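First the structure, in the form of structure tokens, and then the observations on it.
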Amino acid sequence: MKEPAQSSRSVAARKSKASAQGQPESRRQIAMALRILGYIRQEGLKVDSHLVEQQLAQHFSVSRTPIRNALMLLESRGAVTSVPNLGFFVAKSVADLYEIELALPPSNAEQLYLRIVNDRISGRLPDSITQVEMLRLYDVNRALLGQVLSQMTDEGLVVRNPGQGWTFLPTLDSQQARRASYEFRRILEPEGILLPNFTIDPIALTRLRRDHEALIEQEGRRWVSSEEIYRVDTSFHETIAGFTGNPMFLQAIQQQNRLRRMLEYRGYDNRRRITDWSREHLAIIVALEQGDRVKASQLMHEHLDHARVTATRIAASDRKPPDGE
């Protein structure tokens, strides 16, 4: 790369211009910057690779303006650099790009979703509640609450009452239910790996490995959404259950995942634990890739034991459950 002094001046100028516009780091700008970082990593672009705005705009199906704003933000973080009349260039290696700190603030919908989840798990919300009561409780507008309740309906967390209001569907909201769930899964999942008809899909297994490697590489970064973390977690267990070739195994794990969604979202504040279980999942994946199903089964058993202990700790911070556990 040439003209580093010009590039530095360009950084300062662009920062000043962005600040003058009022919101140099809007949620949309950060989200696009993260997508561009992901693109650079996925393509394995090397230092000094040219980032052509028009090509990026076509790739992400957006106009050049959000691309340019995102590149300006990445330039301020040292991920890319610009040269007058030439454009933007990659400034760091793929490995070093993981050190770039970009925190995507949660949207209003995400914040409300997590407030409702926390209140439900903590026992502050009853089994059934009206929309009017929720509007008053959370002091939000009807459209935002409707959006969140629609998402929770799609995820099987709530159901609309025949008259009015909403009812929370059964979940693992007591110590007894959580213990029963892990006892069930500790029998089902490790033994499923040892079934005679257990057959690995190499493509699916590779996809799981890449997802988990990405989570591990992102350790400590809070821009990964709870929804994405939950997807990686549950797809791991459901994919392996699917390898059994027994639909009852898969249906059982899917049901357990639905029941534990709220509890898992509550535990995603502990990002270090996410890295720990990602590594545990990855060890199981590697054992399966190596054809050692006995080791994979043992590791699955240990993983579920660790998860049970973590779930117990999360529950300990909640209000004492109704069953007196």
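Computed from a prediction, not measured in an experiment: that's the story for all the values here. Below, all heavy atoms of this structure are taken into account, side chains as well, without hydrogens, waters or symmetry copies. Positions are given from 1 along the sequence.
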Show me the side-chain donor-acceptor pairs of residues 139-147 shorter than 3.5 Å, one per line, residues at least two apart or across chains.
unit_1	atom_1	unit_2	atom_2	d
N141	OD1	A143	N	3.2
N141	OD1	L144	N	2.7

Same cluster or not: [X] versus [Y], using hydrophobic residues (I, L, V, M, F, W, Y) connected whenever any side-chain heavy atoms lie under 4.5 Å apart?
| X | Y | value |
| --- | --- | --- |
| F249 | L288 | no |
| L135 | V148 | yes |
| L34 | Y39 | yes |
| I129 | V117 | yes |
| L137 | L157 | yes |

### Task
List the steps, then state whether side-chain hydrogen bond (donor to acceptor under 3.5 Å, both in side chains) holds for D119 with Y138.
CA-CA 11 Å; D119 287 347; Y138 294 108; 2.8 Å; yes

Between [X] (side chain) and [Y] (backbone), is there a donor-acceptor pair under 3.5 Å?
| X | Y | value |
| --- | --- | --- |
| T153 | L149 | yes |
| S297 | R293 | no |
| S128 | W166 | yes |

Between [X] and [Y], which heavy-atom pair has the shortest distance, and what is it?
| X | Y | value |
| --- | --- | --- |
| P66 | S63 | CD-OG, 2.9 Å |
| L86 | H50 | O-NE2, 2.9 Å |
| F168 | P126 | CD1-O, 3.5 Å |
| L97 | A79 | CD2-CB, 3.8 Å |
| R120 | L125 | NH1-O, 3.0 Å |
| A33 | A70 | N-CB, 3.6 Å |

### Query
So does R308 pair up with E183, basic N to acidic O under 4.0 Å?
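Salt bridge between R308 and E183, a charged N being under 4.0 Å from a carboxylate O: no.
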
Close side-chain approach of [X] to [Y], heavy-atom, < 4.5 Å:
| X | Y | value |
| --- | --- | --- |
| F89 | V47 | no |
| L282 | F236 | no |
| L56 | V52 | no |
| I274 | D233 | no |
| D211 | R231 | yes |
| F243 | L195 | no |
| V232 | L208 | no |
| L71 | L51 | yes |

How many angstroms lie between [atom1] in [X] and [atom2] in [Y], if you round to the nearest 0.5 Å?
| X | Y | atom1 | atom2 | value |
| --- | --- | --- | --- | --- |
| R279 | I284 | CZ | CD1 | 14.5 Å |
| L299 | D292 | CG | CG | 8.5 Å |
| L37 | K92 | CG | NZ | 11.5 Å |
| E213 | R210 | CD | CZ | 8.5 Å |
| M300 | R185 | CE | CZ | 8.0 Å |
| I253 | E189 | CD1 | CD | 3.5 Å |

### Query
Does the side-chain hydrogen bond (donor to acceptor under 3.5 Å, both in side chains) test come out yes or no for D127 and T167, once each step is laid out?
CA-CA 6 Å; D127 293 342; T167 295; over 6 Å; no

### Task
Quick one: do V90 and T81 satisfy side chain to side chain contact (heavy atoms under 4.5 Å, CB included)? Show the steps, please.
CA-CA 6 Å; V90 177; T81 188; over 6 Å; no

### Query
I36 and F60: side chain to side chain contact (heavy atoms under 4.5 Å, CB included), yes or no, with the steps?
CA-CA 9 Å; I36 293 174; F60 292 113; 3.9 Å; yes

### Message
Using the rule given for side chain to side chain contact (heavy atoms under 4.5 Å, CB included), can you reason through L74 versus F88, listing the C-alpha separation, both sets of side-chain angles and the distance that settles it, and then say yes or no?
### Response
CA-CA 10 Å; L74 289 175; F88 292 89; over 6 Å; no

### Task
For H281, check side-chain hydrogen bond (donor to acceptor under 3.5 Å, both in side chains) against everything at least two apart and list the hits.
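Checked H281 against side-chain hydrogen bond (donor to acceptor under 3.5 Å, both in side chains); matches are H212, H237, H303.
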
Assess, by modelled atom type and distance only, whether the side chains of [X] and [Y] contain a donor and an acceptor separated by less than 3.5 Å.
| X | Y | answer |
| --- | --- | --- |
| T130 | Q164 | no |
| N257 | Y230 | no |
| N197 | T244 | no |

### Task
Carefully, step by step, assess E289 and L205 under the rule side chain to side chain contact (heavy atoms under 4.5 Å, CB included).
CA-CA 8 Å; E289 288 177 331; L205 201 60; 3.4 Å; yes

### Task
Have a look at S181 and tell me which of Q256, Q255, R186 forms a side chain to side chain donor-acceptor pair (under 3.5 Å) with it.
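Exactly one candidate clears the test, Q256.
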
